[in-house]
Amino acid sequence: MILKLALDTPLPDLIDYRWTGEARIGQRAIVPWGRQTVMGLVVECVEHSDIEPARLKDAIAVLDDVAPLDAEWFRLLRFAAGYYQRPLGEVALPAIPALLRRCGAYRRVEGRPLSRSMTALRNRLAKAAARPPSADSASSVPVMNAEQADACARIEAAEGFTAFLLHGITGSGKTEVYMHAIKALLSRGRQVLVLVPEINLTPQLEQLFRGRFPLARLASLHSGLADGERALQWLVAHEGQADIVLGTRMAVLAPMPRLGLIVVDEEHDPSYKQQEGLRYSARDLAVVRARQAGIGVILGSATPSLESWVQAQRGKYTKLALTQRASTDAQLPLIRVLNTERVQLDHGFTLAMREAIGVRLARQEQVLIFHNRRGYAPVLSCGACGWLSPCTRCSAHTVFHKNDGRLHCHHCGWEVRVPRACPDCGNVDLAPLGRGTQRVEEALASWYPAARVLRIDRDSTRRKGSAPAMLAAVHAGDVDILVGTQMVAKGHDFRNLTLVGVIDADSALFSADFRAAERLFANLMQVAGRAGRADKPGEVLIQTRFARHPVFAALTSHDYPRFAAGQISDRRAAGLPPFSHQVILRAEAKTIDLALAFLVSARELAASADATGVVLYDPVPMSMVRIANVERAQLLLESSSRPALQAFLPRWISSLRGLRSRVSWHVEVDPLEI
Ligand code: ADP
Ligand code: ZN
Ligand code: ZN
């Protein structure tokens, strides 16, 4: 028999191996590959191979210690490979946990290949299965309001594939709607996949689900798991023991034989986009997966992506709206814009902001200061000669971190001790320029010495387990002022938090990226949603020098539809997504000239690959040209026709493979940042 295997290599085709034993599609196989031994996946079992017999190699072993991956899983992975222009093996193998891809662990025992780590996993699984689920009394279920009930009824009434866009303002009780839909599917013996954008949101939801569904088995999948744990969680999803699989974007590729519903919470969140390797959108794949499986998918958000919003307007998705806060006494926070154009700032704060903080502290309510920039200051500067602390490897500045007295590059990780004097002119008076969260924290601590100030950002939560502990401290009321980045903006339900301050909304406003306003609106709406979630009214203060920018008018009136309408008409006029489809070819090389030269040839090759209906722009250096001594350029492709683009790409990419050059390149379909 001939096994056609997917291997994790850039080769576009399946690789043939001879095999005399038994084998089934979807099993893993250990095979020789050059001088190595690698794990492959059986995609087809056939009689004949077109490879001449002398060159055909024998497979070493076919493994039967994991249930074979089924046709539905292959269908999804095939779609992902085709859509994102990658060989199947490069997509399918990395989707399997590393532990199950390790060949070295296998020894032949009584003629069968066995791995000790696999045996250990099986033992743990058996133990977990023997343990009865903690069947405490289920937590109480709030009576749904009319909008929630209507949303649930429409979800329940749907048959086959339906994509719902659940647009609910922050605190409107979207989670309650998810849980209602989940409950219905669980009672029919189906599995449910729940995606969240951020790993720190999984414990909170896990607890909620355990309370609500005490009999259901839960698996969670995210990048924070050690290899053994990841394999275990994946196995219970794949072999069907898990009823609910909760995870970050990677979980969208988890095999689930009884899958009946997919929920994508905060569907607009950019973290659903994988930025390396297979550059996929877990949100988009969730919709594809639901369509393939003929099931429902719920995309929830207070600020849907314009892509999803337009799909709903076109009638492709079913829109469900929650327009009121669910908790009867919780009101929407009052959002106010503080114009800083002609105002004296103290450490970046207006007087109005500081007074508002003082009022909350006096009332023993919590304050969140949102600042999306970590470190102490974005750059260290010399007042005498204008030197700005550079990264030696990137076209970027290094960020001053005061707690370790070092300059860190946030792009490549390079770091260095703060110099005693300016390296250019010897001036010893180096000053931090601008502010990051550490500096904000310092100012707040000096103004409010009695207050407990906590900073949550990537630096303060580097140690494993520290983020959940810090968030728990906020929930427990052990923190008065929370200073945080994006990490705290998402999803958390802080009951005693009544003021959110944004001290600088401007850096995001005038970026070259056409999605900047959309992202800013979503970020600010989401962080604003942290205020006043229980009985006390919340207030949000946003400092900006551009108070008349339309994004703020929409924000203060909590009017996403109005904001979206403005954006959509701009995008339509400019022919930007979602009214066109984009692809980027990125080239990385030792020098920008090499990278650009490659892209110029790539552009020329497009003509021979028939680029009808596809616009190819001029190659340009990326806005940050150099990262870690690699220089980068990109070529943007655009088309109003998805089929035209998808037909062109494989032809073009295979001709690119023939280009000889010293650049590394990749194609990104539907890039989020261009
Ligand atoms: P969202 O995810 O839309 O921001 P949540 O689902 O977190 O909102 O709900 C906000 C709060 O309202 C939660 O504390 C939740 O328990 C509560 N809640 C949800 N639905 C109801 C309801 N029908 N009645 C009372 N409280 C509710
Ligand atoms: Zn100097
Ligand atoms: Zn760097």
Side-chain angles (χ1 to χ4, degrees), residues 139-152 166-181 194 196-197 201 204-205 207-209 211-212 263-267 298 300-304 320-333 379-399 407-416 419-431 475 489-497 525-535 538 624-631:
S139 54
S140 66
V141 181
V143 179
M144 280 196 277
N145 62 36
E147 286 180 332
Q148 285 173 312
D150 179 57
C152 291
L166 177 60
H167 174 224
I169 61 168
T170 54
S172 59
K174 293 186 284 297
T175 315
E176 205 49 53
V177 173
Y178 303 152
M179 288 200 285
H180 192 90
V194 180
V196 291
L201 290 172
Q204 183 180 319
L205 262 188
Q207 201 184 351
L208 208 59
F209 288 164
R212 190 64 71 85
V263 173
V264 184
D265 192 22
E266 312 287 6
E267 67 89 27
I298 306 174
S301 176
T303 53
L320 307 170
L322 304 180
T323 61
Q324 312 290 324
R325 282 211 155 174
S327 229
T328 38
D329 2 276
Q331 291 151 18
L332 273 182
V379 62
L380 201 62
S381 79
C382 167
C385 76
W387 173 86
L388 295 171
S389 57
C391 174
T392 55
R393 318 195 311 159
C394 305
S395 38
H397 295 124
T398 47
V399 177
L407 298 168
H408 293 254
C409 176
H410 286 184
H411 302 284
C412 73
W414 181 78
E415 51 177 282
V416 63
R420 256 180 256 284
C422 172
D424 282 2
C425 76
N427 170 24
V428 291
D429 239 359
L430 297 178
H475 282 290
K490 298 177 189 177
H492 300 287
D493 198 7
F494 302 125
R495 312 294 296 180
N496 193 35
L497 197 146
M525 214 54 190
Q526 194 154 38
V527 73
R530 300 313 109 215
R533 292 177 68 86
D535 50 346
M624 187 180 291
V625 172
R626 188 162 45 100
I627 288 186
N629 287 331
V630 172
E631 305 208 318

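Both counts, for ligands and for their atoms, begin at 1 and track the order of listing.
The distance from ligand 1 to the heavy atoms of Asp493 drops below 4.0 Å at these ligand atoms: 13 (C), 14 (O). Taking every non-hydrogen atom of Ser172 and a distance limit under 4.0 Å, the qualifying atoms of ligand 1 come out as 1 (P), 3 (O), 8 (O). For ligand 1 and Gly173, the ligand atoms under 4.0 Å from any heavy atom of the residue are 1 (P), 3 (O), 5 (P), 6 (O), 8 (O), 9 (O), 19 (C). Which parts of ligand 1 touch Asn145 is read off a 4.0 Å heavy-atom cut-off, strictly below it: atoms 23 (N). Each of the atoms 12 (O), 18 (N), 19 (C), 20 (N), 21 (C), 24 (N), 25 (C), 27 (C) of ligand 1 lies under 4.0 Å from some heavy atom of Ala326. Close approach of ligand 1 to Gly171 is summarised as follows: ligand atoms under 4.0 Å from at least one heavy atom of the residue are 1 (P), 3 (O), 4 (O), 8 (O), 10 (C).
Contact of the His180 side chain with the Gln148 side chain is not registered, since no non-hydrogen atoms from C-beta on lie closer than 4.5 Å. Counting heavy atoms from C-beta on, the side chains of Val141 and Met179 never come closer than 4.5 Å. In this structure, Pro419 and Leu407 have side chains that are in contact, with non-hydrogen atoms separated by less than 4.5 Å. Under the 4.5 Å side-chain criterion, counting only non-hydrogen atoms from C-beta, Val194 is in contact with Phe209.
Ligand 1 has no N or O atom lying under 3.5 Å from any N or O atom of Thr170, backbone or side chain. Of the N or O atoms in Gly168, none lie within a sub-3.5 Å distance of an N or O in ligand 1. Polar contact check, Pro142 against ligand 1: no nitrogen or oxygen pair lies under 3.5 Å apart.
Across all their heavy atoms, Met525 and Thr170 have their closest contact at O-CG2, 3.9 Å. Shown here for Ala396 and Met624, the closest heavy-atom pair between the two residues is CB-CE, 4.1 Å. When all heavy atoms of Val625 and Ser395 are compared, the closest pair comes out as N-OG, 3.2 Å.
When non-hydrogen atoms are compared, ligand 1 lies under 4.0 Å from the backbone of Thr175 as well as from its side chain. By the criterion of a heavy-atom distance under 4.0 Å, both the backbone and the side chain of Lys174 are placed next to ligand 1. Here Gln148 has side-chain heavy atoms under 4.0 Å from ligand 1, and that is the only part of it that gets that close. Residue-level proximity to ligand 1 for Val143 is carried by the backbone, the only part with a heavy atom below 4.0 angstrom. With a 4.0 Å heavy-atom cut-off, ligand 1 is reached by no atom of Gln204.
Under the 4.0 angstrom criterion for non-hydrogen atoms, Arg495 is in contact with ligand 1. Heavy atoms of Ile169 approach ligand 1 to within less than 4.0 angstrom.
One of the N, O or S atoms belonging to Cys409 lies under 2.8 Å away from the Zn ion (ligand 3). Among the backbone and side-chain atoms of Cys412, an N/O/S atom is found under 2.8 Å from the Zn ion (ligand 3).
Within the 3.5 Å criterion, the main-chain N or O of Arg626 finds no donor-acceptor partner in the side chain of Arg393. A donor-acceptor pair under 3.5 Å is formed between the side chain of Arg530 and the backbone N or O of Ala489.
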> Taking it one step at a time, do Tyr178 and Asp265 satisfy side chain to side chain contact (heavy atoms under 4.5 Å, CB included)?
Replying inline: CA-CA 9 Å; Tyr178 303 152; Asp265 192 22; 2.7 Å; yes
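Comment: Glu176 engages Arg212 in a salt bridge, judged by a side-chain N to carboxylate O separation of less than 4.0 angstrom.
With a 6.0 Å radius and a threshold of 12 heavy atoms from other residues, nucleotides or ligands, Gln207 has its CD atom at or below the threshold.
Geometry at the Zn ion (ligand 2): SG/Cys382 and SG/Cys425 form an angle of 100°, nearest 10 degrees.
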